[in-house]
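Take a look at the structure set out below.
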Protein chains: 2
Amino acid sequence: MAPATVPALALHQRIRSDIEAKILSGEWGPGHRIPFEHELMAQYGCARMTVNKVIAGLAAAGLIERRRRAGSFVAQPRIQSAVLQIPDIPQEVTGRGAEYGYELIFRRRRRTGPRDPLASELPAGTDVLDLRCRHLADGKPFALEDRLIALAVVPEAAETDFSTVPPGSWLLGHVPWTEAEHRISAVGASLREARELELPRGAPCLCLERRTWRGADTITYARQLFRGDHYNLAARFSPQG
Amino acid sequence: MAPATVPALALHQRIRSDIEAKILSGEWGPGHRIPFEHELMAQYGCARMTVNKVIAGLAAAGLIERRRRAGSFVAQPRIQSAVLQIPDIPQEVTGRGAEYGYELIFRRRRRTGPRDPLASELPAGTDVLDLRCRHLADGKPFALEDRLIALAVVPEAAETDFSTVPPGSWLLGHVPWTEAEHRISAVGASLREARELELPRGAPCLCLERRTWRGADTITYARQLFRGDHYNLAARFSPQG
DNA sequence: ACGGCTAATATGTATAGACATTTAGTCGAC
DNA sequence: GTCGACTAAATGTCTATACATATTAGCCGT
């Protein structure tokens, strides 16, 4: 029987990982000119389309920059860019083996005012759903969430009572979004927050604020407050994704 | 004079943005099968390589998934993945128009022990440089930094005194890294930390821990403590990069 | 009804060539 | 020398074709 053909990475994958290895090992530092397409073509004995596809892919991934006539260069590493995984809270809780619990504290429909967190995005008087809820892990308070949902953009939210489904999970499954913004800070728990999280007043909490858009429309604002002693955000990453 | 030829996006760009628009507008929701290559080929009157390149690019970007024989499908949006920009501190401070100041609190060379933050990465007894420093904005304490640098991997660090250059900036410019891990949490300032940051004891601070590797070697560990009232991390991002 | 074979289908990979576009670098005129 | 125009070099885009490979629908026999 003929020897089984080795899976042998596709040629373009081999070329790509060769180049990535050179870059990631530091052998080709930032600014280094990588071989011209015709050189790689000769080196690997393949057509230009093949190396072109590879290098275009590396450029799309931000690993290299291309300049006509000049060549292709290893990109300057971006200062620090981390891909933070921020799953929704039920998933986060069950992911650590705890039992997830959820409580709706209030749900009301109102119009935005001039001091709302969304005031800069939504004109005052916009119809929103205003929710507050509490996430529990093994029966103990884990996070508080304040949430505003723009009803003009997500009218179905008005018919959802959110007494059993957390708004974050519901929105993820119902509304496609195109852009979001996070803000992460450390704050001391207010009197009310401390009570709702069963912490002493002023206890350090991780505060995650998120605004989400769909095209030009603001969809939602969320402020999640996590017990500092029970939660942290972790991210593992490479220089350029 | 003949009308100037409109810049007219390259065909593959037009195809790509057409498809992206359909996906981002929600018209083609997650799981929707996008037209087969041969259909797009007919629709745009082009060669298969052209649509193939487009769709392969969308797949590489995570916007769609491809299954042989079945077709190409709009991907489920990934839970939440944010690209966090975390520039080094001098840049951060001057970027907000404040004057940056830096103070080295101590610098000593020692061997790691069993309870070091790097204990799981470095065997006890590894030679490290142990630094503590303080970052100031307009003369006021802004952040505290504890830093360990593995001297076996970065021997040049032993000859650097770090009395004027922050270790983070120095490392960024001297050592290529291949992987890093962040951990973001909220903590209350200890007595010493409170004194060094000129805060009341227990004041909420944002704590950013970072471990950095080069290949299999651990390069450095940093723990940066920011005044909660003066600092937050912000990120703006799209569903799939 | 069930299980396995087969053939059709859509993507995956690659080629060789063509022409367009941008721009670094050269060379010449002033 | 300086500023321009020109040229050649490298990437950008696209075509038409070919064959490989994975997957599944459907056929077929039991």
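Only heavy atoms go into these numbers, but all of them, side chains included; no hydrogens, no water, no symmetry mates. Below, chains carry the letters A, B, ... as their sequence lines are ordered, and counting in each starts from 1.
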Under-4.0 Å side-chain N/O to phosphate OP1/OP2 contact, [X] with [N]:
X       : N      : result
B/Thr50 : D/dT15 : yes
A/Gln13 : C/dT13 : yes
B/Ser72 : C/dT11 : yes

Exercise. Kindly say whether, by distance alone, the side chain of A/Arg66 makes a donor-acceptor pair under 3.5 Å with the base of D/dT11?
Key: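 Under the 3.5 Å cut-off, the side chain and the base do not form any donor-acceptor pair.
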
Practice problem: Measure distances between side-chain N and O atoms of A/Arg69 and base N and O atoms of C/dA24, and say whether any donor-acceptor pair falls under 3.5 Å. | Solution: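 Per atom types, the contact qualifies.
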
Self-check item: Nearest to side-chain heavy atoms of B/His12, which nucleotide of D/dC14, D/dT11, D/dT15
Solution: D/dC14

Self-check item: Nearest to side-chain heavy atoms of A/Arg68, which nucleotide of D/dT23, C/dG17, D/dT11
Solution: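 So the nucleotide nearest the side chain must be D/dT11.
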
Calculate the interatomic distance between [X] atom [atom1] and [N] atom [atom2]; express it in whole Å.
X       : N      : atom1 : atom2 : result
A/Tyr44 : C/dA16 : OH    : P     : 18 Å
B/Glu37 : C/dA8  : CD    : P     : 20 Å
A/Ile34 : D/dA10 : CD1   : P     : 13 Å
B/His38 : C/dA8  : NE2   : P     : 16 Å
B/Arg48 : D/dA16 : CZ    : C1'   : 12 Å
A/Phe73 : C/dA24 : CZ    : C1'   : 10 Å
B/Met49 : C/dT11 : CE    : P     : 14 Å
B/Met41 : C/dT9  : CE    : C1'   : 14 Å

Quiz prompt | Validation row: B/Ile64, B/Trp28 side chains within 4.5 angstrom (heavy atoms) | solution = no

Quiz item: Taking 4.0 angstrom as the limit, do A/Glu145 and A/Arg210 come out as a salt bridge?
Solution: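 Answer for the salt bridge query: no.
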
Self-check item: Point-to-point distance, once rounded to the nearest 0.5 Å, from CD1 of B/Ile89 to OG of B/Ser169
Solution: 8.0 Å

Quiz item: Atom OG1 of A/Thr220 and atom CG of A/Leu148: how far apart are they, to the nearest 0.5 Å?
Solution: 7.0 Å

Quiz item: Ignoring hydrogens and geometry, is there a side-chain-to-backbone donor-acceptor pair from B/Arg211 to B/Pro117 under 3.5 Å?
Solution: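 The answer is yes, because a donor-acceptor pair under 3.5 Å joins these two groups.
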
